[in-house]
Amino acid sequence: MDRIYITTPMYYVNAEPHLGHTYTTVIADTLKRYYRQQGIDAFLLTGTDEHGDKIAQAAKENGMAPQAYADRISGVFRATWDECGIDYDHFLRTTDDYHKRYVQEILQKLYDNGDIYFGEYGGFYCYGCERFYTEKELVGGKCPDHQTAPAYIKEKNYFFRMSKYQQRLIETLEAKPDLVRPERYRGEVLAFLREPLEDLSISRPKSRLDWGIPLPFDPEHVTYVWFDALLNYVSALKYKGEDVFEAYWPKANHLIAKDILKPHAIYWPTMLMAAGLPLYEHLDVHGYWVMDSGKMSKSLGNVVRPLEMKKRFGMDAFRYFLLREMVFGQDANFSFDALVNRINADLANNFGNLVSRVLAMQQRYFSGAVQPLGALRDEDIALRDKFVQAEEEMKQHMAALQFHRALESLWSAIDHANRYIVQTAPFTLFKDEAQRPRVGEILHHLLEVIRSSARLLAPFLPDTSRQLNRLLAVPAGEANSRKPWGTFFPAGHKISPPAVLFPRIEPEGEA
RNA sequence: CGCGGGGUGGAGCAGUCUGGUAGCUCGCAAGGCUCAUAACCUUGAGGUCCCGGGUUCAAAUCCCGGCCCCGCAACCA
């Protein structure tokens with residue numbers, strides 16, 4: 001059986017879930033549902049990253065112990081994904097015992113193999129980034145990320161011999177063009193690797209930071225947060241069992257945003273090489289959501305919180321927007337106008353209204369009873385083929401992570417169905433008694449449209465898909481039926497009256 | 001020579017990798033339908049696809065050069 005292992009990053013618990021976290025998690029969930037539907041066994045991992053300086057500081061500011069603070073935020077993440085209906089298989093916390101043990105196991109292994117050595121390091125350290133900067137990297141003497149002057153500190157550190165694996169990593173990237181996707185990020189990584197790679201400092205003296213995993217070979221030091229966090233992708237599987245690990249590693253698709261490209265494209269593969277593990281299959285990198293109204297800011301009150309979006313627009317509508325609006329890999333704009341526009345145009349008008357008119361006619365003309373089908377006419381065949389075509393296109397686009405195009409393809413078929421109604425005009429034909437059997441056929445085809453849509457939408461809009469199947473009275477377990485067009489509904493099968501799937505959102509309704 | 005993204009009808013965006021009628025949403029104009037969530041359907045107006053070269057039978061798309069805009073501040077995906 002084919003398998004795929006889908007991961008989100010372990011979200012750093014210094015902030016509560018916002019738009020970015022939600023996007024990554026939603027595409028991960030969509031992919032999982034999609035692969036499952038294709039008969040591919042998919043395992044979805046998410047979780048929280050809880051060690052490090054920033055967390056220790058944030059906890060202090062909140063007057064809490066680091067663990068208590070991490071417990072709270074991690075709990076918010078988990079509750080959020082639960083509330084959003086994210087179908088994850090495991091939620092890892094980097095403070096979980098099994099994870100800590102695994103990190104120590106790997107550290108010991110690399111130490112024994114000579115890939116970790118003790119050295120002295122002096123340099124400009126940015127507390128915000130939790131990393132040292134070379135003078136060359138500083139911009140005007142300040143950290144390019146935080147615009148603050150770093151402190152010069154000198155300390156004994158343990159180093160991972162990352163440089164040793166540089167050549168092998170370059171060769172791997174060249175041999176596997178789809179290891180890092182989309183292309184532009186692979187290029188970025190290769191560009192970075194043209195410069196000599198420095199060894200990675202992987203420890204912090206306890207005197208400076210004690211909120212971390214102690215090194216097994218030197219309890220006076222704790223593990224650098226990235227070295228700790230990256231190993232989660234393996235430790236989670238190991239925790240589930242050696243058989244689970246064997247089943248899913250290395251069939252990993254890591255989903256990340258572009259800001260954490262370097263740890264995932266450079267640290268992580270070299271760590272895997274040193275640990276003697278095969279590399280992941282894909283690193284899938286997406287862009288940022290840019291707020292139309294300026295920066296995302298608490299003070300401006302425009303922070304996008306997933307649960308508020310769910311409450312205000314419905315989770316499926318929000319998912320639709322995220323998946324349809326962003327081109328995977330590129331930045332996209334987030335605005336309420338665009339969101340409302342998408343919901344009204346695509347979901348309420350085109351699709352919701354289509355379902356509504358079909359079910360209304362089915363109800364009014366035949367009391368909901370499905371009518372028998374005769375020979376297909378040209379327009380019926382064209383309609384069916386449009387959905388066959390959409391499904392094929394969706395398959396290609398999903399393989400390329402082109403969610404927006406997958407949905408576009410489906411909507412092209414949905415548009416065709418709206419045209420089909422106008423062209424065949426069942427509401428006119430119905431006035432002629434002799435034409436009523438044909439009206440029954442037309443509606444039968446339109447019910448197939450809805451059933452196909454429910455199936456094709458399932459990974460993207462799971463709740464809507466379920467609701468559609470309920471309206472169609474599709475028996476449990478047959479939602480994914482591939483029975484040929486026109487053979488699914490027996491004559492007399494009762495369909496429910498229409499329901500409003502996506503209410504139109506009036507512009508003045510937004511704050 | 002810091003890195004990266006982008007410049008496509010009034011607005012917002014796809015399309016560019018794998019050259020071959022320039023597409024979508026909104027808006028605008030006219031018409032149709034009345035089953036439907038004032039939704040749906042048809043037609044129309046509106047485009048030097050940033051500029052200049054080059055390759056080609058053919059370039060928004062490939063190559064070279066140039067111009068302009070935007071991020072790299074953050075609660076960070």
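To find a chain, count down the sequence lines: A is the first, B the second, and so on, and within it residues start at 1.
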**Q.** Pairing partner of B:C40 (Watson-Crick or G-U wobble, both distances under 3.5 Å)
**A.** B:G32

Q: Let me see the working for A:Asp89 and A:Lys32 under salt bridge (Lys or Arg N to Asp or Glu O under 4.0 Å), right down to the final yes or no.
A: CA-CA 10 Å; A:Asp89 294 283; A:Lys32 176 188 166 177; 2.9 Å; yes

Q.
Within residues 364-371 of chain A, which residues have any heavy atom lying less than 4.0 Å from an atom of RNA chain B?
A. A:Arg364, A:Tyr365

Q. Residues in side chain to side chain contact (heavy atoms under 4.5 Å, CB included) with A:Ala382, at least two apart?
A. A:His416

Pick out the pairs of N or O atoms, protein on one side and nucleotides 1-7 of chain B on the other, that lie under 3.5 Å.
| from | atom 1 | to | atom 2 | distance (Å) |
| --- | --- | --- | --- | --- |
| B:G6 | OP1 | A:Arg184 | NH2 | 3.2 |

**Q.** Rounded P spacing from B:C68 to B:A30 in Å
**A.** 43 Å

**Q.** Residue among A:Phe336, A:Phe502, A:Trp289, A:Tyr23 satisfying ring-ring contact (aromatic ring centres under 6.0 Å, His included) with A:Phe321
**A.** A:Trp289

Q) Which value, in whole Å, describes the distance between the C1' atoms of nucleotides B:G54 and B:U8? A) 22 Å

**Q.** Strand partner of B:G71, provided both Watson-Crick or wobble distances fall under 3.5 Å
**A.** B:C3

Q: Identify whether any heavy atom of A:Leu255 sits under 4.0 Å from a base atom; if not, whether one sits that close to sugar-phosphate; answer base, sugar-phosphate or nothing.
A: nothing

(Q) Once you apply a heavy-atom cut-off of 4.0 Å, does A:Ile260 come out as touching a base, just sugar-phosphate, or nothing? (A) sugar-phosphate

Q: Taking salt bridge (charged side-chain N to carboxylate O under 4.0 Å, His left out) as the test, write out the residues that go with A:Glu188, two or more places apart.
A: none

Q.
Please list all pairs meeting side chain to side chain donor-acceptor pair (under 3.5 Å) that have one or both residues in residues 63-81 of chain A, counting only residues at least two apart or in different chains.
A. A:Thr48-A:Ser74, A:Glu50-A:Ser74, A:Gln67-A:Asp71, A:Asp71-A:Arg93, A:Ser74-A:Arg93

Q) Nearest to the side chain of A:Arg357 - B:C35, B:A74, B:A39? A) B:C35

Q | Donor on one side chain, acceptor on other, A:Thr8 and A:Tyr88, under 3.5 Å | A | no

Q. Contact class for A:Thr24 (heavy atom, under 4.0 Å): base, sugar-phosphate, or nothing?
A. sugar-phosphate

Q. If the C1' atom of B:G15 is compared with that of B:C57, how far apart are they to the nearest Å?
A. 23 Å

Under 3.5 Å, which protein N or O atoms sit close to an N or O of nucleotides 22-28 of chain B? Give each pair with its distance.
| from | atom 1 | to | atom 2 | distance (Å) |
| --- | --- | --- | --- | --- |
| B:U25 | O2' | A:Asn341 | ND2 | 3.0 |

Q) Heavy atoms under 4.0 Å, any strand shown: does A:Val355 hit a base, just sugar-phosphate, or nothing? A) nothing

Q) Does A:Glu433 have any salt bridge (charged side-chain N to carboxylate O under 4.0 Å, His left out) partners at least two apart in sequence or in another chain, and if so, which? A) A:Arg436

Q: Just jot down the salt bridge (charged side-chain N to carboxylate O under 4.0 Å, His left out) partners of A:Asp463, sequence neighbours excluded, or say none.
A: A:Arg466

**Q.** Set of residues satisfying salt bridge (charged side-chain N to carboxylate O under 4.0 Å, His left out) with respect to A:Lys258, sequence neighbours excluded
**A.** A:Asp331

Q.
Under 4.0 Å, counting only non-hydrogen atoms across every strand here, what does A:Tyr23 touch: a base, just sugar-phosphate, or nothing?
A. nothing

Q: For B:C49, give its Watson-Crick or G-U wobble partner with both distances under 3.5 Å, or none.
A: none

Side chains of residues 351-372 of chain A: which donor-acceptor pairs under 3.5 Å do they make with residues two or more places apart or in other chains?
| from | atom 1 | to | atom 2 | distance (Å) |
| --- | --- | --- | --- | --- |
| A:Arg357 | NH1 | A:Asn418 | OD1 | 2.8 |
| A:Gln362 | NE2 | A:Ala369 | O | 2.8 |
| A:Gln371 | NE2 | A:Ala369 | O | 2.9 |

**Q.** ring-ring contact (aromatic ring centres under 6.0 Å, His included) partners of A:Phe489, counting only residues at least two apart
**A.** A:His493

Q: Take atom CD1 of A:Ile450 and atom C1' of B:A36, then tell me their distance rounded to the nearest Å.
A: 11 Å

Q) Nearest-Å distance, CD1 (A:Ile495) to P (B:A36)? A) 18 Å

Q. For A:Phe460, which residues count as a ring-ring contact (aromatic ring centres under 6.0 Å, His included) partner, sequence neighbours excluded?
A. none

